[in-house]
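Some notes on the structure that comes next.
Per chain, numbering begins at 1; letters A, B, ... match sequence-line order.
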2 protein chains.
Amino acid sequence: MQSQNISDIIEKYLKSILADAEHVEIRRSEIADLFNVVPSQINYVIKTRFTIQNGYLVESKRGGGGYIRIEKVNLLDDADVLDTLIQVIGDSITQRDAYAVVQSLYEDGVLNRREAQLILVATDRNTLAVNDRDLENSLRARIIIGILNHLRYES
Amino acid sequence: MQSQNISDIIEKYLKSILADAEHVEIRRSEIADLFNVVPSQINYVIKTRFTIQNGYLVESKRGGGGYIRIEKVNLLDDADVLDTLIQVIGDSITQRDAYAVVQSLYEDGVLNRREAQLILVATDRNTLAVNDRDLENSLRARIIIGILNHLRYES
DNA sequence: ATAATAATAGTCAATATTAGTCAAAGATAT
DNA sequence: ATATCTTTGACTAATATTGACTATTATTAT
């Protein structure tokens with residue numbers, strides 16, 4: 001019940017805004033000032049509590065007029081199927097296995113034909129064209145996982 | 001929500017004119033005065049937000065009666081859009097420029113929203129997660145070009 | 001015509017204004 | 001005790017703003 005560290009408090013503050021609004025847009029230093037913490041703590045709070053797994057999208061911009069924007073998105077029903085796939089893929093996947101993953105997503109109706117093709121092209125060995133097989137496989141894993149994470153919610 | 005910085009505001013102002021007109025022709029100092037910025041900021045706005053990757057052509061003239069003219073071009077009107085884009089991309093492209101390119105393709109109906117999102121995710125810096133900026137940019141270029149070539153082949 | 005001047009826009013580098021990363025130190029939970 | 005989570009701050013990166021200087025074109029004076 002009682003874990004009232006400042007990160008939790010900041011989390012609740014942001015979520016209370018998100019309860020009424022589609023998204024919240026902050027200036028990092030303002031929130032840091034408000035709660036008397038260093039600015040980078042805001043990054044910590046976001047990184048640990050506003051993940052895509054929890055249904056939050058975060059975008060930001062630096063420079064004058066910079067901001068951090070947190071948006072609550074609707075997670076889709078097959079979100080946990082995606083979780084499983086993501087775990088299976090891990091941090092490396094061969095082109096062959098990637099094909100199988102994309103194929104099964106297509107068969108399940110998660111992707112249409114054109115989308116499946118796009119992903120296969122993007123993760124093709126000749127597209128990536130790195131000399132290092134390990135790097136190639138880990139890039140492929142990150143690209144596919146990135147896309148799977150994107151498929152969790154409706155935009 | 002708010003475009004806090006003045007460059008975004010100027011961008012929106014110009015684009016609002018372009019929403020109704022074929023092109024917009026300005027006197028640099030007038031716009032600078034209007035928004036209370038130095039004239040060279042107009043160049044900054046144009047250079048960062050009205051590039052060919054964004055689908056805009058800019059021409060200008062100095063001297064008395066000088067002007068800057070911005071025109072929105074439709075890449076689909078051109079028979080060899082993809083060739084042009086591929087050439088512009090070359091073997092390296094930043095995330096920002098990639099965003100502009102994908103956005104243009106979306107606006108021109110080459111990609112639908114979901115496809116555009118997939119490509120942006122696949123080429124996002126955090127997805128690629130290589131800590132070598134040159135490698136990152138060249139991977140991004142290969143992925144986008146690979147996809148563009150695939151689109152050409154498909155249609 | 002030509003030269004001087006005025007009226008534009010362009011470039012570039014310095015500075016300002018944000019946010020991001022990372023690792024060390026501190027606190028808390030198991 | 002140890003592992004995990006939180007807090008902090010030094011350093012980095014991205015973007016925006018500004019202004020001095022340059023380049024180009026038009027107009028005016030000779």
Side-chain angles (χ1 to χ4, degrees), chain A residues 1-14 24-51 54 57-71, chain B residues 1-14 24-51 53-54 57-71 93-100 124-137 140:
Chain A
M1 178 78 180
Q2 218 69 313
S3 62
Q4 286 302 21
N5 62 58
I6 194 73
S7 288
D8 287 339
I9 293 170
I10 296 170
E11 172 190 6
K12 279 180 186 139
Y13 170 76
L14 294 173
V24 54
E25 192 170 304
I26 63 171
R27 172 158 307 182
R28 188 179 72 155
S29 59
E30 270 178 14
I31 302 299
D33 282 351
L34 187 57
F35 291 98
N36 245 60
V37 297
V38 296
S40 62
Q41 179 143 10
I42 308 306
N43 297 89
Y44 175 74
V45 171
I46 287 172
K47 196 173 170 191
T48 54
R49 293 152 163 88
F50 292 88
T51 64
N54 290 322
L57 277 189
V58 178
E59 83 181 25
S60 63
K61 194 158 94 167
R62 307 186 195 187
Y67 59 84
I68 300 176
R69 177 193 160 112
I70 306 174
E71 183 183 359
Chain B
M1 179 76 139
Q2 313 92 304
S3 340
Q4 283 287 2
N5 71 63
I6 194 79
S7 290
D8 284 344
I9 293 169
I10 296 170
E11 172 191 3
K12 280 184 184 134
Y13 171 76
L14 295 173
V24 54
E25 193 169 305
I26 64 172
R27 171 160 307 182
R28 187 179 74 156
S29 58
E30 271 179 14
I31 302 298
D33 282 352
L34 186 57
F35 291 98
N36 243 56
V37 298
V38 296
S40 62
Q41 179 145 8
I42 308 306
N43 298 89
Y44 174 75
V45 171
I46 287 171
K47 196 174 168 191
T48 53
R49 292 150 164 88
F50 293 90
T51 66
Q53 287 95 334
N54 288 109
L57 283 184
V58 178
E59 78 183 28
S60 63
K61 196 161 87 168
R62 307 187 194 188
Y67 60 84
I68 300 176
R69 178 193 156 111
I70 305 174
E71 182 185 0
I93 186 172
T94 64
Q95 179 162 339
R96 185 186 190 121
D97 283 345
Y99 184 88
D124 186 273
R125 171 168 310 140
N126 294 312
T127 300
L128 299 176
V130 292
N131 59 355
D132 172 344
R133 195 50 55 92
D134 287 343
L135 174 59
E136 175 196 316
N137 289 343
R140 185 177 295 115

Starting at atom [atom1] of [X], determine the distance to atom [atom2] of [N], rounded to an integer number of angstrom.
X	N	atom1	atom2	result
B:Q41	C:dT15	CD	P	18 Å
B:I31	C:dG10	CD1	C1'	17 Å
A:I68	C:dT17	CD1	P	18 Å
B:N43	C:dT11	CG	P	7 Å
A:I10	D:dT8	CD1	P	9 Å
B:F35	D:dA16	CZ	C1'	16 Å
B:N131	C:dG20	CG	C1'	15 Å
B:N126	C:dA19	CG	P	17 Å

Measure from the side chain of [X], starting at C-beta and using heavy atoms only, and say which of [options] lies closest.
X	options	value
B:R133	D:dA13, C:dA9, C:dC12	D:dA13
B:R62	C:dA19, C:dT8, D:dT18	C:dT8
B:I6	D:dT17, D:dT6, D:dT18	D:dT17

Is a side-chain N or O of B:R140 found less than 3.5 angstrom from the main chain of B:I93, in a donor-acceptor match? yes
Under 3.5 Å, side chain of B:T94 to main-chain N/O of B:D97, donor-acceptor pair present?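 Pair found, side chain donor or acceptor close to backbone of B:D97.
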Would you indicate whether the side-chain heavy atoms of B:I10 and B:V37 approach each other to under 4.5 Å? yes
Sugar-phosphate only, base, or nothing, as touched by [X] at under 4.0 Å among non-hydrogen atoms:
X	answer
A:G63	base
B:I42	nothing
A:R49	sugar-phosphate
A:G64	base
A:S29	sugar-phosphate

Looking at [X], does any N or O in its side chain come under 4.0 Å of the phosphate oxygens OP1/OP2 on [N]?
X	N	result
B:S60	C:dG10	yes
A:S7	D:dT7	yes
B:K61	C:dG10	no

If you look at every heavy atom in A:R27 and A:G65, which pair is closest and at what distance?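 Answer, listing the atom of A:R27 first, then A:G65: NH2-CA, 3.9 Å.
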Is a side-chain donor-acceptor pair under 3.5 Å present for B:D134 with B:N137?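 Not at all, the side chains of B:N137 and B:D134 share no donor-acceptor pair under 3.5 Å.
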Can you work out whether A:R28 or A:K47 has the more 5'-proximal nearest nucleotide on DNA chain C?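 Result: A:R28.
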When you look at A:I31 and A:F35, which way does the side-chain contact (heavy atoms from CB on, under 4.5 Å) test go after all the steps? CA-CA 6 Å; A:I31 302 299; A:F35 291 98; 3.9 Å; yes
More 5' along DNA chain D: B:S40 or A:V38, using each one's nearest nucleotide? A:V38
